[in-house]
Amino acid sequence: MGTSSDEQRRQRELQNARSRKSGYERERADKESTCRQNREKISRLKTVKSNLETQKEIAESRYHSLKDYAESGSQFTEWIGDKSTKAANEFSSTIVPGYNTYVDRIDEILDAVCDEITRLENENMQLNGDILHLGSLINSLINTIEKLCN
């Protein structure tokens, strides 16, 4: 009778170990999938970041050119009186600051993209640690299963 009880206990332990191993394998597969998806997002975000950096450089260059042009006052030399003054003031008070706002907005978006890239990279570091830990747990359970099957 002791043998039957030992065999039943052993079968329960074996079933429990196999069940835990399957659960860890599913969890590891889910984390690996999330990690892959994050790498794809990071890749796309790095492309966006590069494009934004290019747009920012162009916008900054245009801003400085417009600012220099506005400060030179040479753009309205054919005009005289109020029209010249109004046009110069409008240019200096609307167009030049508008470009500056555009550059600032690109910079804000660029910062947000960098923050998201960092967040995803950090998440992947944590996921990779979890994946390694789950691999270790699975390996230990494989050993337990093999011993129970002997």
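Just so you know, these numbers come straight off a predicted model, no measurement behind them.
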Test side-chain contact (heavy atoms from CB on, under 4.5 Å) applied to Q55 - qualifying residues, sequence neighbours left out: I58, Y102, I106

If every non-hydrogen atom of L127 is compared with every non-hydrogen atom of C35, which pair is closest and at what distance? CD1-N, 3.9 Å

Smallest heavy-atom separation, C114 atom then K49 atom, equals SG-CE, 3.7 Å

Once salt bridge (Lys or Arg N to Asp or Glu O under 4.0 Å) is applied, what residue pairs with a partner in residues 133-144 remain, sequence neighbours excluded? none

For I142, the hydrophobic cluster (side chain heavy atoms closer than 4.5 Å, chained through members) also holds Y24, L134, L137, I138, L141

So, does S136 use its side chain to make a donor-acceptor pair with the main chain of L132 at under 3.5 Å? no

Please identify each residue that fulfils side-chain contact (heavy atoms from CB on, under 4.5 Å) with K147, with sequence neighbours left out. N143

Of all residues at least two apart in sequence or in a different chain, which pass the side-chain contact (heavy atoms from CB on, under 4.5 Å) check with N122? T118, M125

Name all residues meeting the salt bridge (charged side-chain N to carboxylate O under 4.0 Å, His left out) criterion together with E13; count only those two or more places apart in sequence or in a different chain, and write none if there are none. R9

Scan for salt bridge (Lys or Arg N to Asp or Glu O under 4.0 Å) pairs involving residues 102-128, sequence neighbours excluded, and state none if there are none. K46-E121, K56-D107, R105-E108, E116-R119, R119-E123

Those residues that, when tested against S33, pass side-chain contact (heavy atoms from CB on, under 4.5 Å) (two or more places apart): R36, Q37

What pairs with E25 under side chain to side chain donor-acceptor pair (under 3.5 Å), at least two apart in sequence or on another chain? K21

Would you tell me whether Q15 and Q11 have side-chain atoms, one donor and one acceptor, within less than 3.5 Å of each other? no

Output the distance between atom CG (N124) and atom CZ (R39), rounded to the nearest 0.5 Å. 6.5 Å

Exam field: side chain T34 to backbone D30, donor-acceptor pair closer than 3.5 Å: yes

What residues form a salt bridge (charged side-chain N to carboxylate O under 4.0 Å, His left out) with K31, not counting sequence neighbours? D130

For residues L120 and N38, report the shortest heavy-atom separation together with the two atoms involved. CD2-OD1, 3.4 Å

On a heavy-atom basis, the closest approach of R18 and C149 is NH2-SG, 3.7 Å

Going by side-chain heavy atoms closer than 4.5 Å, which hydrophobic residues are tied to I145, directly or by a chain of links? L14, L148

Sequence neighbours excluded, which residues qualify as side chain to side chain donor-acceptor pair (under 3.5 Å) partners of T47? none

